[in-house]
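Heads up, the thing below is written out as structure tokens.
Numbers for residues simply follow the sequence, beginning at 1.
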Amino acid sequence: MHMWERAFLYLKKAGTFILAASVLIWFLASYPQDVPMSQDFDAARDQVTQEYEARDNAILLQYVLLRMNKKHRLWLWLTK
């Protein structure tokens with residue numbers, strides 16, 4: 001066997017595998033099209049986002065109230 005024949009056989013063997021893998025990946029990526037779970041995911045994501053925003057707002061409010069309380073105490077002490 002010459003080098004060209006061996007190269008052709010290798011490319012034919014590798015090409016068959018690459019083509020089969022490509023078709024399999026395409027098929028798995030394309031089907032099923034409309035999965036109802038994606039709607040559930042969007043609803044769950046929105047719910048989690050709202051919960052975290054509420055928690056973050058509560059933490060921020062506590063921080064602001066604490067800072068205001070410290071400033072108010074400092075002002076009261078300075079005005080005595």
For Gln62 and Ile59, indicate whether the former's side chain and the latter's backbone hold a donor-acceptor pair under 3.5 Å.
no
About how many Å separate CG of Leu28 and OH of Tyr31, when rounded to the nearest 0.5 Å?
11.5 Å
Within the supplied structure, the quantity of interest is the number of heavy atoms (other residues, nucleotides, ligands) at a distance under 6.0 Å from Arg45 CZ; does it exceed 12?
yes
In this structure, CZ of Phe41 is separated from CG of Asp46 (nearest 0.5 Å) by 9.5 Å
So how far is it from Glu53 CD to Gln50 CD, rounded to the nearest 0.5 Å?
7.5 Å
Roughly how far, to the nearest 0.5 Å, is CD1 of Ile18 from CG of Leu11?
9.0 Å
Would you check, one step at a time, whether the test side-chain contact (heavy atoms from CB on, under 4.5 Å) holds for Asp56 with Leu60?
CA-CA 6 Å; Asp56 290 346; Leu60 183 61; over 6 Å; no
